[in-house]
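Everything on this sheet refers to the single structure shown next.
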Amino acid sequence: MFDFEFYNPVRVIFGAGKVELAGQKAAELGDKALLVSYKKLGPLAELLERVKTLLGEAGVEVVEFFAFQENPAIETAAEGVALAKKQGCDLIVAVGGGSVMDGGKAIAAGACYEGDLWNMVNSRHDDSGADIAPPTEALPLMTIPTLPATGSEMNMCAVVSNKALGEKSYIWAECIFPAISILDPQLTTSLPAFQSACAAADAISHVLEIYINSREDTPLQNTWQEGCVRTTIENIAKVLDDPNDIEARGNLMWTATCAINGWAWPGDGWTPMHQIGHVLTSRHGVNHGSSLTVLMPHWMRYNKLRRPHTYKTFATAVMGVDSAGKSDEQIIDEGIDRFQAFLDTIGVPTSLGQVGITEQDLQPILDGAVKVSFGADGNLKCNPIMTKDDVMNVLKAAL
Ligand SMILES: [Fe+2]
């Protein structure tokens with residue numbers, strides 16, 4: 001074992017229909033809420049109306065801020081901060097997917113922050129040289145997630161983009177933990193198949209990244225990670241078969257939350273594929289889930305013999321490979337092949353070519369990753385260590 005400190009103060013209220021508690025719970029946190037959601041509400045419009053009604057019935061005044069788009073922009077958050085200040089809001093309620101929850105976090109912190117909001121971002125792809133100062137105070141935040149993927153509802157991270165700089169990175173600060181998150185799987189039954197699949201892949205990546213890229217002396221965490229991946233694989237299949245399977249929707253939702261609320265992460269937790277994925281998103285418009293699935297199988301094949309025990313256990317404990325009569329490498333290969341076949345089955349891309357990226361795009365992608373996630377030693381932060389050449393080899397294999 002190794003030393004660590006753990007802290008997670010989020011009150012989770014889980015269950016089908018629990019969104020009906022939105023007003024009561026919001027009233028525990030404030031009197032006037034900035035209600036945050038998407039620019040295009042689409043099927044969420046009805047839910048937003050219901051939440052507004054519930055808040056009103058509980059005596060919580062509502063100011064609407066429906067402005068976020070996929071990959072929430074710090075510029076949009078600044079508009080939300082200005083509105084929250086002007087209206088005297090003392091609470092943020094974010095209803096939507098990761099983009100909305102992360103945007104809500106940026107507003108919650110931004111409302112208490114002096115100076116350029118981009119300075120709240122902890123690590124950068126840009127060379128602006130601006131002073132980085134993570135926020136230390138925020139308005140209370142309640143989230144009501146409608147997409148089981150990012151886990152933002154129970155963590156202290158907000159991924160935000162800077163449109164002017166074309167960059168995407170994150171705010172990491174204790175003050176942006178939500179105070180309350182209402183996890184109602186009923187709200188996810190209208191998600192289309194592709195979005196459901198991308199969400200499942202994202203949740204898997206949050207534990208798989210740690211499993212294959214971080215410490216090996218974490219037996220409880222590793223078992224937890226394996227369980228999260230298995231549970232997601234089993235339940236996304238059920239959901240794609242029957243989108244109204246509320247039991248399976250609930251299992252996906254809670255697993256996505258638990259994959260990235262810290263329980264799988266004590267100690268070092270490198271997420272190099274996410275760092276490269278953020279470059280794919282900010283520069284090539286690849287959606288978040290796909291930005292991970294196009295790398296995962298190729299990353300695993302490249303590293304399989306540099307970390308054979310991990311990949312062999314993954315094959316047998318997660319992908320159900322029968323090891324009888326097979327060499328270790330055969331077992332490992334079968335595990336990775338099965339995993340890629342699973343990704344293909346749920347309809348997400350598994351190569352860079354499928355998302356329109358060609359060989360000439362690879363060097364700028366690598367350069368972007370180097371800026372944000374390579375250490376002073378010139379190598380990518382992960383275990384096993386990856387040099388620039390290693391990463392380029394993975395990118396080429398992923399074409
Ligand atoms: Fe993610």
Side-chain angles (χ1 to χ4, degrees), residues 68-72 94 96-106 121-123 125 143 145-161 167-172 176 178 181 183 188 191 194-214 224-225 228-229 231-233 236 252-265 269-297 299-300 339 343 346 348-350 355 365 368-369 372-373 380-382:
F68 282 110
Q69 295 174 292
E70 199 176 348
N71 304 312
S99 299
V100 164
M101 290 188 282
D102 288 357
K105 286 176 172 177
V121 171
N122 297 53
S123 63
H125 295 254
T143 73
T146 57
L147 182 78
T150 70
S152 188
E153 62 274 11
M154 201 179 169
N155 66 40
M156 53 184 257
C157 184
V159 179
V160 289
S161 295
E167 304 295 347
K168 177 176 177 176
S169 194
Y170 55 85
I171 304 166
W172 182 265
I176 59 173
S181 287
L183 276 58
T188 67
L191 281 174
F194 181 66
Q195 256 184 300
S196 298
C198 286
D202 188 25
I204 285 172
S205 78
H206 293 152
V207 283
L208 189 62
E209 282 254 42
I210 308 302
Y211 190 74
I212 62 176
N213 294 316
S214 297
W224 180 261
Q225 291 149 355
C228 286
V229 177
T231 307
T232 304
I233 288 175
I236 186 61
L252 284 181
M253 185 168 230
W254 184 227
T255 307
T257 302
C258 295
I260 192 167
N261 66 353
W263 291 340
W265 286 44
W270 306 126
T271 57
M273 288 188 284
H274 263 73
Q275 306 309 321
I276 297 169
H278 288 171
V279 182
L280 298 177
T281 297
S282 62
R283 303 205 176 159
H284 296 275
V286 182
N287 80 65
H288 181 58
S290 299
S291 77
L292 302 162
T293 58
V294 295
L295 293 174
M296 278 192 224
W299 186 279
M300 294 168 82
F339 182 62
L343 295 174
I346 65 172
V348 291
T350 52
V355 293
I365 291 169
V372 76
S373 48
L380 183 61
K381 294 175 191 167
C382 59

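Just so you know, ligand 1 is whichever comes first in the structure, and atom 1 is the first atom listed for that ligand.
- When distances from the Fe ion (ligand 1) to the N, O or S atoms of His274 are compared, NE2 comes out shortest.
- With 3.5 Å as the limit, one finds a donor-acceptor pair spanning the side chains of Glu153 and Thr257.
- Note on His288: its N/O/S atom closest to the Fe ion (ligand 1) is NE2.
- Relative orientation of the Trp265 and Trp172 rings is parallel, given thresholds of 30° and 60° on the angle between their planes.
- Taking the six-membered ring for Trp and thresholds of 30 and 60 degrees, Trp254 and Trp263 have ring planes more than 60 degrees apart, a perpendicular arrangement.
- Of all the N, O or S atoms in Asp202, the one closest to the Fe ion (ligand 1) is OD1.
- Residue Pro178 is tested with Met154, Lys105, Met156 for a side chain to side chain contact (heavy atoms under 4.5 Å, CB included); the sole match is Lys105.
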